[in-house]
Amino acid sequence: MKRVRAEILSTRRLGSYQSLTLVAPEIAERAKPGQFVAVAMPDDRDFLLRRHLTIHQSSRRGGWAGTLEFVVDPGAGPGTAWLSDMRAHGFLDVIGPLGTPFSYPKRLTNCLLIGEGRSVAGLYFLAQELVARGKRVDMVIGGSTLDAVFKPIEAKRLSQLVTVVTDDGTLGETGTVIEAIEPALERAPIEVVYAAGKVPLLSAVAEICRSRKLPAQVAVEERMGCGYGLCGTCAVPVASKDGTTWGHVRACVDGPVFNPARVVWDRWRAAGAASPVGEDAQ
Amino acid sequence: MKRVRAEILSTRRLGSYQSLTLVAPEIAERAKPGQFVAVAMPDDRDFLLRRHLTIHQSSRRGGWAGTLEFVVDPGAGPGTAWLSDMRAHGFLDVIGPLGTPFSYPKRLTNCLLIGEGRSVAGLYFLAQELVARGKRVDMVIGGSTLDAVFKPIEAKRLSQLVTVVTDDGTLGETGTVIEAIEPALERAPIEVVYAAGKVPLLSAVAEICRSRKLPAQVAVEERMGCGYGLCGTCAVPVASKDGTTWGHVRACVDGPVFNPARVVWDRWRAAGAASPVGEDAQ
Amino acid sequence: MTARTRSIGVEIAGVSLATPVLIASGCVGTGKELSGLVELRRVGGLVSRTVTVEPREGSAPPRIVESAAGVVWDTGLQNPGVDAFVASELPALAAASPVFVSIAGGTLEEYVRITGVLQGRAGVAAIEVHLSGPDRELERPVIGAHADRLTEVVGAVARMSLVPVFAKLPGGVDVVPLAVAAARAGASGLTLCASPPALAIDSVATRPALGAANGWLSGPALKPMTLRAVAEVHRALPRMPLVASGGIRTAADAVEAMLAGASAVQVGTATLIDPTAPVTIAKGIVAELQRRAAGSPAELVGAVEIGSAVPVQEEQRA
Amino acid sequence: MTARTRSIGVEIAGVSLATPVLIASGCVGTGKELSGLVELRRVGGLVSRTVTVEPREGSAPPRIVESAAGVVWDTGLQNPGVDAFVASELPALAAASPVFVSIAGGTLEEYVRITGVLQGRAGVAAIEVHLSGPDRELERPVIGAHADRLTEVVGAVARMSLVPVFAKLPGGVDVVPLAVAAARAGASGLTLCASPPALAIDSVATRPALGAANGWLSGPALKPMTLRAVAEVHRALPRMPLVASGGIRTAADAVEAMLAGASAVQVGTATLIDPTAPVTIAKGIVAELQRRAAGSPAELVGAVEIGSAVPVQEEQRA
Ligand SMILES: Cc1cc2nc3c(=O)[nH]c(=O)nc-3n(C[C@H](O)[C@H](O)[C@H](O)COP(=O)(O)OP(=O)(O)OC[C@H]3O[C@@H](n4cnc5c(N)ncnc54)[C@H](O)[C@@H]3O)c2cc1C
Ligand SMILES: Cc1cc2nc3c(=O)[nH]c(=O)nc-3n(C[C@H](O)[C@H](O)[C@H](O)COP(=O)(O)OP(=O)(O)OC[C@H]3O[C@@H](n4cnc5c(N)ncnc54)[C@H](O)[C@@H]3O)c2cc1C
Ligand SMILES: Cc1cc2nc3c(=O)[nH]c(=O)nc-3n(C[C@H](O)[C@H](O)[C@H](O)COP(=O)(O)O)c2cc1C
Ligand SMILES: Cc1cc2nc3c(=O)[nH]c(=O)nc-3n(C[C@H](O)[C@H](O)[C@H](O)COP(=O)(O)O)c2cc1C
Ligand code: FES
Ligand code: FES
């Protein structure tokens, strides 16, 4: 993990999201899918904490070598609004890469990646790495409306079968991502499932994969005081290996990628994590 | 007093100061020399109070009709720094004009205006109005160094005899404004004195005018919670007419212009107002 | 949305207010200033600056400095004394809006004397008892920080007053015992809480930043402490009318205070920054009531509950 | 400037620290995390997360939300229990920096048992007694808010401990009586103050924003209250070593705390935001000492004085 003062190379609007590309070679060369960065807010604001942002792209090679990209939902609150207003050539104080990344299947080949809203951004980085390892990638992605579906073209480019859903039917099928999962699992011989999003989606993924005995990994989000293991505020309830007890682990260092079978979803959901964030969290 | 959302028409650097011109006809048409405006800071900052700024220019007529100008010392702190960084066409939330203005002498003619640092800005508005009323204006102005002397050319344009002093001799005479007052009073048959600045300067003016029996008015600055009489934080110790008692009055509504003979300078200075603000307040 | 939200008038401890938003003590001027700054008929009420038996010149300047999301201030309770206040400030304030007269003393007798002057006086809608000053009789720094003394002072004022008496509690880590004491002593309502004791230092000059040295903290910084005090006291005394004070700047803040259990809010620092804030907040409360299809502000009061008073072991909580 | 300021090492209650800047309890991780984030040899000391007799799973998420210039948090004191802490966290922490082990209990016996486990244990430089939790025996919400109980708890820990004991006082409007009680009970030093009780509300969901409902306020918002508590206690107990905690973010904040009377400072929230903050602050203190041509941090301690404990009438003050 490195702390860098990173220049913003470019920033652009993508539907209802804002995507920022930073020059941060020290972070980019280490970053793996599922990891995130922690970006400092300006000193004189009345909101203090770093904002935690999933790495959408990280380029070690080629024309974009040493760059890092993340995506924010400008409507979420003051931090993402400030980030969205930053111009190219501004600087950000960034710590990363943080957290435990997704791991790649060794023997299995057919992967389904599931995401909703801005959480889809992190899946493309994963999809790329899977494809580079010769895996087959299908995707189920969604959002409330057309603008809220993140880069559907990119999904088509990276994967074999893509299901796009929107709540209002403005893009793809009308419906929810949860509803689209089973059909996608029917359409291809999926062996591994990856997902990113909110607790309701991820707990549904957990349930489906449990009943189908599919191995899965999910990237969670929980409110973080630091992002590097100091404060213990990013608690996620996780069952012990034998399932007899449970404990809170830290999303920032023990996660954000978890085996959904180990997360105690009911306990988490009851705690109030049902609508943590996102374009439709209100 | 009006509250307006005022567009910044222009902003420019003048020596070590930043001068902002606003479109604020409702305020400009009422503003008088010695008055000030209260400018709101952005909502999301960790500093809250409005910043109080002396009106440097206010144009009711001509090409600049409806505009208002004030001058800040960008190095003073976060509020003036933010104001100095504002660009043309940005908007400010401004309340004004506030406070009791300078009054003009009815019969007397020869006026000496004394100021130091950015406080000089308010004196030009006064000088203009005095000249427009057929008065003769002399000035003593100063600053720590060349850059800190505010618009010396303007002083020359508006007045008969001008003394400029700097601490380091980079412009005009080497010395302090206080030292230059007596010589200026010797050079012309001064009948009325006006001054703006910090407590040490203003109390020196008070003493000189007392011993020479010259009528005087001074514009003071004291930390303000509001600027419109609600909170009573802008206390200035003022003697009763007969001099037997004293009381705290509000700089924002009872001042900022006071008769220096009535201000209880020793009490104020003891209270810690010796270095309230300015380029050399540190 | 819905036509149900017609008015946000509230009655609190028998005092009718046009809106549940009052301007806090020390932030209302002397009666002359507000009318040019804000539509006073849309303000629920005005809490006067704190008055004492004798006039006070107050503390030396500077009297206010900024801190992170707050201000540290001390006016030394500058006021003309209760007699001059009643003669020269109360009429103009009362013409504008219901007035809660804030009173302070350093002895029991002083509280009694001021209450005597206010007794039956036209224009006094309620009395707010300031309890954060020093106790000169018992030589303690905060007269209202001890339940026994609070009972004595609030009891004496409440027995004499013909109008509702609100105790403005000094705050602290456990405000419930003080609230219970004030309620037992006869307070009709509670203001939660007064500004906590604070200090700002000018490290360049190596001295306190305020002329008075010590000061009090106000502003948004306080909100989480205010909400907690309101919620704790509302749980302990569910029928006691509570007025939240400390860090209320926006309608969202006011709604949160009401959800925690406040029937009304006071706006101090935010009024200094933006004199129209109390009206903007009142309008925002209307919008929130409409969003919730609620008929009156009372429907919000106490809708958010906190856990039990003595937290249980986390195993039980989890 | 001057070559006088060579080191900013301090000795506080007999504990030698490389700098007067500690990282506050709950903000130091488990011993593994910090070394990659900050040059630990330039940090004065680490206050461990608070440990209890039994392991605690802590409170439900969310555990932190922002407020104006602050955070409202509650971890429910999640910790592995004192035995596991000593085995698995203490060694790594102690290898990095002097460790103040923070301990909490709900009964007197629990404090005694934890102190027993820590007694004579290598790597324990000092004990910090957390006193903000509920008192299960006396059924009070804050065990350390009452001088009698504080005396009992701190006294028991101090009698058993072989290392200096710091009492982390819960704060409040008048912290001096608690400080005096802790000093009499045998505390070697005081940490001023713990995070005050707070509440954050999610008004859209109409529920508390934290999983635990209640929380504690930390961050810059607290600084004026911290400075006041330090100054009051320093005036009352001029020889008692004080550690300021609450709102220290910059070197300027730390210097202000020292001017008010603190011998050292703790940095909590600011470390979460910027793990290098404690080192940046220590460097800034060096610069400030040089500016003042001061030989050691001790020269700053208490250089700013506040007025008398029971404020006099303003006529005398003016
Ligand atoms: C591992 C991780 C990865 C994330 N990746 C992204 C990303 O790629 N793009 C993005 O826009 N956001 C991401 N988030 C969430 C992001 O950190 C918050 O949305 C952001 O802090 C909101 O800040 P704000 O100031 O705009 O709004 P705030 O007003 O602070 O919050 C707005 C809403 O976001 C929720 N929220 C705040 N902080 C968090 C948090 N740390 N985790 C979950 N919910 C939170 C709040 O409940 C609130 O409803 C991620 C969070 C985590 C923990
Ligand atoms: C009637 C009046 C007129 C003023 N006119 C001007 C002006 O024309 N141009 C200008 O730059 N400034 C003026 N000031 C002062 C101005 O309001 C402060 O300089 C400004 O608030 C500093 O804000 P800041 O955030 O930059 O710095 P802060 O960090 O807030 O303050 C920096 C320094 O300014 C002092 N200060 C802060 N507020 C005030 C205040 N209200 N009065 C006096 N000293 C203060 C502090 O002691 C500190 O040393 C005026 C003040 C008053 C009361
Ligand atoms: C400048 C100023 C003066 C104040 N004067 C008084 C006062 O005289 N009496 C009183 O009870 N409270 C006084 N207060 C405290 C407010 O009434 C209010 O309780 C406190 O500021 C917290 O609310 P806020 O965060 O909305 O400002 C004063 C506050 C400020 C900022
Ligand atoms: C996330 C978090 C966890 C904390 N955990 C503890 C704790 O376990 N024990 C404790 O005594 N204090 C705890 N604190 C309080 C800090 O030690 C410190 O006293 C407080 O945050 C005020 O200082 P600050 O403003 O520098 O953060 C915690 C604070 C935070 C923000
Ligand atoms: S966010 Fe601080 S430990 Fe995870
Ligand atoms: S600044 Fe508030 S009364 Fe003058």
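Throughout, protein chains are lettered first and strands after them, A, B, ... in sequence-line order, and every chain is numbered starting at 1.
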- Task: Can you tell which part of Ile273(D) gets under 4.5 Å to a heavy atom of chain A, answering side chain, backbone, both or neither?
- Result: both

- Query: Side chain, backbone, both or neither: which part of Arg249(D) has a heavy atom under 4.5 Å from chain A?
  - Reply: side chain

- Is it true that Glu57(D) and Arg267(A) have a side-chain N and a carboxylate O under 4.0 angstrom from each other? no

- Could you tell me whether the side chain of Val28(D) reaches within less than 4.5 Å of the side chain of Leu230(A), counting heavy atoms only? no

- Taking the side chain as every heavy atom from C-beta outward, state whether Thr75(D) and Cys231(A) have any pair of such atoms under 4.5 Å apart. no

- Item | Contact origin within Arg250(A) toward chain D - heavy atom pairs under 4.5 Å | side chain

- Query: Where on Met224(A) is there a heavy atom nearer than 4.5 Å to chain D: the side chain, the backbone, both, or neither?
  - Reply: backbone

- Task: Supply the atom-to-atom distance Leu48(A) CG to Ser218(D) OG, rounded to the nearest 0.5 angstrom.
- Result: 10.5 Å

- Query: Just by distance, do the side chain of Arg223(A) and the backbone of Pro62(D) share a donor-acceptor pair under 3.5 Å?
  - Reply: no

- Relative to chain D, which segment of Ala40(A) carries a heavy atom at a distance below 4.5 Å: side chain, backbone, both, or neither? neither

- Query: Taking NZ, NE, NH1 and NH2 as the nitrogens, is one of them in Glu66(D) or Arg51(A) under 4.0 Å from a carboxylate oxygen of the other?
  - Reply: yes

- Message: Taking side chain as everything from C-beta outward and backbone as N, CA, C, O, which of these in Ser25(D) sits under 4.5 Å from a heavy atom of chain A? Side chain, backbone, both or neither.
- Response: neither

- Quick check: does any side chain N or O of Tyr228(A) sit under 3.5 Å from a backbone N or O of Gly29(D), one acting as donor and the other as acceptor? no

- Item | Note: Arg3(A)-Asp274(D) ion pair, threshold 4.0 Å (strictly below) | yes

- Item | Under 4.5 Å from a heavy atom of chain D, the part of Asp43(A) involved | backbone

- Message: Tell me whether Glu222(A) contacts the main-chain N or O of Pro61(D) through its side chain, where contact means a donor paired with an acceptor under 3.5 Å.
- Response: no

